[in-house]
Colleague: 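Mind having a look at this structure? Questions to follow.
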Amino acid sequence: HMRILKKGSNFKLKVYNSEKVSGHMPSIDVLFDSMAQEVGNKSIGVIMTGMGRDGAEGILKIKKSGGHTIAQNEETSVVFGMNRVAVDLGGINEIVPLDEITSRIIRKI
């Protein structure tokens with residue numbers, strides 16, 4: 001797994017082994033949860049094509065913490081799974097094609 005840790009005004013990435021979360025190790029939910037907790041309204045979460053629901057709960061936490069969230073749209077996704085669940089949970093601010101994700105991130109920064 002990976003977690004963001006805030007140390008003073010700096011951020012560190014911790015990589016570690018632990019139990020599976022959402023059926024995965026590493027789990028994007030773990031990273032997104034830590035982003036919501038440690039970075040809050042300054043975070044940007046992106047969820048893209050993939051099967052299952054890993055990341056959907058975590059990206060919702062980012063949105064609830066005031067961060068900005070982006071999902072790849074169905075039309076450009078190979079599998080509209082993880083991103084669909086995130087959208088259905090209400091965890092997404094923007095749904096965009098793959099080729100627009102980078103520009104949306106840059107615009108928010």
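The model shown is predicted, which means the values in this text are computed figures rather than measured ones.
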Colleague: How long is the straight-line distance from CG of D88 back to CG of L60, given to the nearest 0.5 Å?
Modeller: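 If we round to the nearest 0.5 Å, L60:CG and D88:CG are 12.0 Å apart.
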
Colleague: Is the backbone of E19 close enough, under 3.5 Å, to the side chain of H1 for a donor and an acceptor to pair up by distance?
Modeller: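 It does hold such a pair.
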
Colleague: Evaluate the side-chain proximity of T76 to D99: yes if any heavy-atom separation is below 4.5 Å, no if none is.
Modeller: no

Colleague: Applying a strict under-4.5 Å side-chain criterion to I, L, V, M, F, W and Y, I'd like to know whether V15 and V21 cluster together.
Modeller: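 In one cluster: no.
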
Colleague: Would you say N41's side chain and G67's backbone share a donor-acceptor pair under 3.5 angstrom?
Modeller: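 Here the side-chain-to-backbone pair does not exist.
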
Colleague: Out of curiosity, M2 CE to I28 CD1, how far, rounded to the nearest 0.5 Å?
Modeller: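 The distance works out to 6.0 Å.
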
Colleague: Which distance, rounded to the nearest 0.5 Å, do you find between the NE2 of H68 and the NZ of K108?
Modeller: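 Interatomic distance, H68 NE2 to K108 NZ, rounded to 0.5 Å: 5.0 Å.
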
Colleague: Under the criterion side-chain contact (heavy atoms from CB on, under 4.5 Å), which of T49, I47, V87 is the partner of M82?
Modeller: I47

Colleague: Is a side-chain N or O of N83 found less than 3.5 angstrom from the main chain of G81, in a donor-acceptor match?
Modeller: yes

Colleague: So if you build clusters from Ile, Leu, Val, Met, Phe, Trp, Tyr with side-chain heavy-atom gaps below 4.5 Å, do V46 and L98 land together?
Modeller: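 Yes, same cluster.
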
Colleague: If you round to the nearest 0.5 Å, how far is OG1 of T69 from CD1 of I44?
Modeller: 10.5 Å

Colleague: Start with the C-alpha gap between I4 and L13, add the side-chain angles, then the distance that decides, and say whether side-chain contact (heavy atoms from CB on, under 4.5 Å) holds.
Modeller: CA-CA 5 Å; I4 303 277; L13 184 66; 4.2 Å; yes

Colleague: Side-chain heavy atoms under 4.5 angstrom apart, residues restricted to Ile, Leu, Val, Met, Phe, Trp, Tyr: same cluster for I62 and V30?
Modeller: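 No, separate clusters.
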
Colleague: Give a yes or no on whether F32 and V39 share a hydrophobic cluster (residues Ile, Leu, Val, Met, Phe, Trp, Tyr; joining criterion: side-chain heavy atoms under 4.5 Å apart).
Modeller: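 Yes, it is one cluster - the side chains of F32 and V39 are joined through contacts under 4.5 Å.
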
Colleague: How about Q72 and S77: do any of their side-chain heavy atoms sit closer than 4.5 Å?
Modeller: yes

Colleague: Please find the pair of heavy atoms, one from R3 and one from Y16, that lie closest to each other, and give the distance.
Modeller: CD-OH, 3.3 Å

Colleague: Counting only N and O atoms by type, is there a donor-acceptor contact under 3.5 Å from the side chain of N73 to the main-chain atoms of I95?
Modeller: no

Colleague: Do you reckon M51 sits in the same ILVMFWY cluster as M48, going by side-chain contacts under 4.5 Å, direct or chained?
Modeller: no

Colleague: R53 and D29: which non-hydrogen atoms are nearest, and at how many Å?
Modeller: O-OD2, 4.3 Å

Colleague: Could you grab the distance from atom CD of E94 to atom CD1 of I105, nearest 0.5 Å is fine?
Modeller: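 Separation between the atoms: 10.0 Å.
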
Colleague: What distance do S65 atom OG and Q37 atom CD have between them, rounded to the nearest 0.5 Å?
Modeller: 9.5 Å

